[in-house]
Asker: 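Got a structure for you, questions after.
As a basis for the values below, the full set of heavy atoms in this structure was taken, side chains included, without hydrogen atoms, waters or symmetry mates.
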Amino acid sequence: MSAQPLNPPASPYGADDGARTAVPPVFDAGFLGALDTLFAWRRDVRHFATRPLEEAAFADLIARAAQAPSVGLSQPWRLVRVREPGRRAAVRTTFETCNAEALALQPTERAGLYARLKLAGLDDAPEQIAVFVDPEPEAGHGLGRATMPETIAYSAVLAIHTLWLAAAARGIGLGWVSILDPVSVARALDVPERWRLVGYLCIGYPAELSDTPELERAGWEHRRPTGAFLVER
């Protein structure tokens with residue numbers, strides 16, 4: 001179930017007018033089926049096994065994230081690996097505060113269900129990464145973002161998604177914690193003032209596996225069919 005080049009030459013590069021051109025792979029039906037399975041089993045993980053993630057596995061995930069597309073090839077994501085217990089505790093405190101505020105905003109009929117949801121793996125995940133974006137990176141020279149500056153943040157989201165899929169393909173879980181105060185997290189991690197928090201990731205080996213989102217299993221929400229959000233003009 002691997003991608004195979006079509007009529008591969010002796011070298012991975014062809015020769016067209018002296019240029020070195022990589023031969024594109026052909027993704028067969030087996031690969032596409034496995035990719036569809038990966039999409040189905042990619043989950044927001046909140047229950048982690050306590051065993052550590054191997055350093056080589058962590059480095060591999062970061063390398064995959066760096067292959068994500070970005071506006072103007074700016075690569076504006078800034079990844080902070082959070083390892084100090086004190087800084088982790090500060091993030092945990094921020095989560096508790098924000099989660100309590102979110103609970104207070106829930107309507108009465110959903111407050112009990114919300115309170116029972118496990119919304120973060122901060123206590124168990126062996127790896128935690130704060131994903132920031134530099135809103136004015138030198139790389140890219142501003143290409144593509146003059147009219148839509150938010151594409152800088154979108155690029156960081158693409159890096160997260162790329163990392164997410166790479167992790168799932170390797171049997172590694174990722175949970176995105178969004179119930180946080182960005183200013184408090186930035187202060188706890190002592191990052192440059194101009195950086196903006198995009199997401200806080202918990203990473204490790206999942207304690208359980210499922211092809212159904214946890215929020216759906218808990219009865220909080222369910223997926224809509226594609227017709228619910230596809231508009232034609």
Side-chain angles (χ1 to χ4, degrees), residues 2-3 12-13 19-25 27 31 35 38-39 42-45 53-84 87-88 90-91 94 120-122 125-204:
S2 59
Y13 297 94
R20 289 166 57 82
T21 305
V23 177
F27 298 104
F31 176 89
L35 184 60
L38 174 62
F39 291 154
R42 192 277 320 145
R43 296 271 65 83
D44 188 3
V45 176
L53 195 66
E54 296 84 356
E55 191 65 26
F58 178 84
D60 186 47
L61 292 181
I62 298 303
R64 300 290 75 75
Q67 290 182 305
S70 60
V71 61
L73 196 56
S74 57
Q75 295 184 287
W77 46 78
R78 304 292 181 260
L79 311 180
V80 180
R81 186 180 188 182
V82 185
R83 310 185 79 175
E84 294 182 11
R87 296 187 190 277
R88 286 192 174 197
V91 173
T94 298
L122 294 167
E127 295 290 345
Q128 297 181 21
I129 299 177
V131 181
F132 292 87
V133 64
D134 184 343
E136 295 293 338
E138 291 185 12
H141 306 285
L143 179 66
R145 62 178 194 262
T147 55
M148 295 184 67
E150 61 271 23
T151 53
I152 283 287
Y154 297 164
S155 298
V157 173
L158 285 170
I160 292 174
H161 190 243
T162 301
L163 189 156
W164 210 334
L165 290 177
R170 291 159 174 78
I172 299 169
L174 184 151
W176 186 333
V177 185
S178 59
I179 307 174
L180 294 168
D181 174 50
V183 175
S184 297
V185 173
R187 185 184 303 116
L189 301 183
D190 191 24
V191 299
E193 186 175 348
R194 69 179 181 278
W195 290 9
R196 296 292 178 263
L197 182 69
V198 173
Y200 195 91
L201 313 180
C202 293
I203 302 174

Asker: Between Gln128 and Leu122, is there a donor-acceptor pair closer than 3.5 Å when you use the side chain of the first and the backbone of the second?
Answerer: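 Side chain of Gln128 to backbone of Leu122: a pair is present.
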Asker: So which heavy atom on Trp77 is nearest to which on Ala159, and how close?
Answerer: CE3-CB, 3.6 Å
Asker: For Leu35, which residues count as a side-chain contact (heavy atoms from CB on, under 4.5 Å) partner, sequence neighbours excluded?
Answerer: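 Residues passing side-chain contact (heavy atoms from CB on, under 4.5 Å) with Leu35: Phe31, Leu38, Phe39.
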Asker: Starting at CD of Gln67, measure out to CD1 of Ile62 and round the result to the nearest 0.5 Å.
Answerer: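 One finds 12.0 Å between CD of Gln67 and CD1 of Ile62.
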Asker: Is any side-chain heavy atom of Val80 closer than 4.5 Å to a side-chain heavy atom of Trp195?
Answerer: yes
Asker: Looking only at non-hydrogen atoms, find the nearest pair between Pro149 and Ala146 and report the distance.
Answerer: CD-O, 4.2 Å
Asker: For residues Leu53 and Ile172, determine if any side-chain heavy atom of one lies less than 4.5 Å from a side-chain heavy atom of the other.
Answerer: yes
Asker: Are any non-hydrogen side-chain atoms of Arg78 and Val133 less than 4.5 angstrom apart?
Answerer: no
Asker: Do Glu150 and Pro135 come close enough that some side-chain heavy atom pair is under 4.5 Å?
Answerer: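 In short, these two side chains do not touch, never coming nearer than 4.5 Å.
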Asker: Around atom CD of Glu138, are there more than 12 heavy atoms from other residues, nucleotides or ligands closer than 6.0 Å?
Answerer: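 No, because the 6.0 Å sphere around CD of Glu138 holds 12 heavy atoms or fewer from other groups.
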Asker: Less than 4.5 Å apart, any side-chain heavy atom of Tyr200 and any of Ile129?
Answerer: no
Asker: Listed by chain and number, what are the side chain to side chain donor-acceptor pair (under 3.5 Å) partners of Asp60, not counting sequence neighbours?
Answerer: Arg64, Arg170
Asker: Show the nearest heavy-atom pair for residues Thr162 and Ala68, with the distance to one decimal.
Answerer: OG1-CB, 3.4 Å
Asker: Any donor-acceptor pair under 3.5 Å linking the side chain of Ser155 with the backbone of Pro76?
Answerer: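 Flag not set: sc Ser155 to bb Pro76 has no pair under 3.5 Å.
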Asker: List in chain and number order the residues that pass side-chain contact (heavy atoms from CB on, under 4.5 Å) with Ala63, two or more places apart in sequence or in another chain; answer none if no residue qualifies.
Answerer: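 If we apply the side-chain contact (heavy atoms from CB on, under 4.5 Å) test to Ala63, skipping adjacent residues, there are no hits.
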Asker: Has the side chain of Trp176 got a donor or acceptor atom that lies under 3.5 Å from a matching backbone atom of Ile160?
Answerer: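 Pair absent, no side-chain N/O of Trp176 close to backbone of Ile160.
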Asker: Quick one, Leu197 and Val131 - any side-chain contact, counting heavy atoms below 4.5 Å?
Answerer: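 No. Closest side-chain heavy atoms not under 4.5 Å.
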Asker: What residues form a side chain to side chain donor-acceptor pair (under 3.5 Å) with Glu84, not counting sequence neighbours?
Answerer: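 By the side chain to side chain donor-acceptor pair (under 3.5 Å) rule, Glu84 matches Arg87.
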Asker: Find the distance between CZ (Arg43) and CG (Leu174) and round it off to the nearest 0.5 Å.
Answerer: 12.5 Å
Asker: Is there side-chain contact between Val177 and Leu201, with at least one heavy-atom pair below 4.5 Å?
Answerer: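 Result no, sub-4.5 Å side-chain heavy-atom pair not found.
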Asker: Determine yes or no for a side-chain-to-main-chain donor-acceptor pair under 3.5 angstrom, with Ser74 supplying the side chain and Ser70 the backbone.
Answerer: no
Asker: Once side chain to side chain donor-acceptor pair (under 3.5 Å) is applied, do any residues pair with Glu127, and if so which ones, sequence neighbours excluded?
Answerer: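 With neighbours one apart ignored, the set is Arg81.
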Asker: Using side chain to side chain contact (heavy atoms under 4.5 Å, CB included), reason through Leu79 and Phe132 one step at a time and then give a plain yes or no.
Answerer: CA-CA 6 Å; Leu79 311 180; Phe132 292 87; over 6 Å; no
Asker: State which residues pass side chain to side chain donor-acceptor pair (under 3.5 Å) with Ser184; sequence neighbours excluded, sorted by chain then number.
Answerer: Asp181
Asker: Within the structure provided, determine whether Pro126 and Ile203 are in side-chain contact (heavy-atom separation under 4.5 Å).
Answerer: no
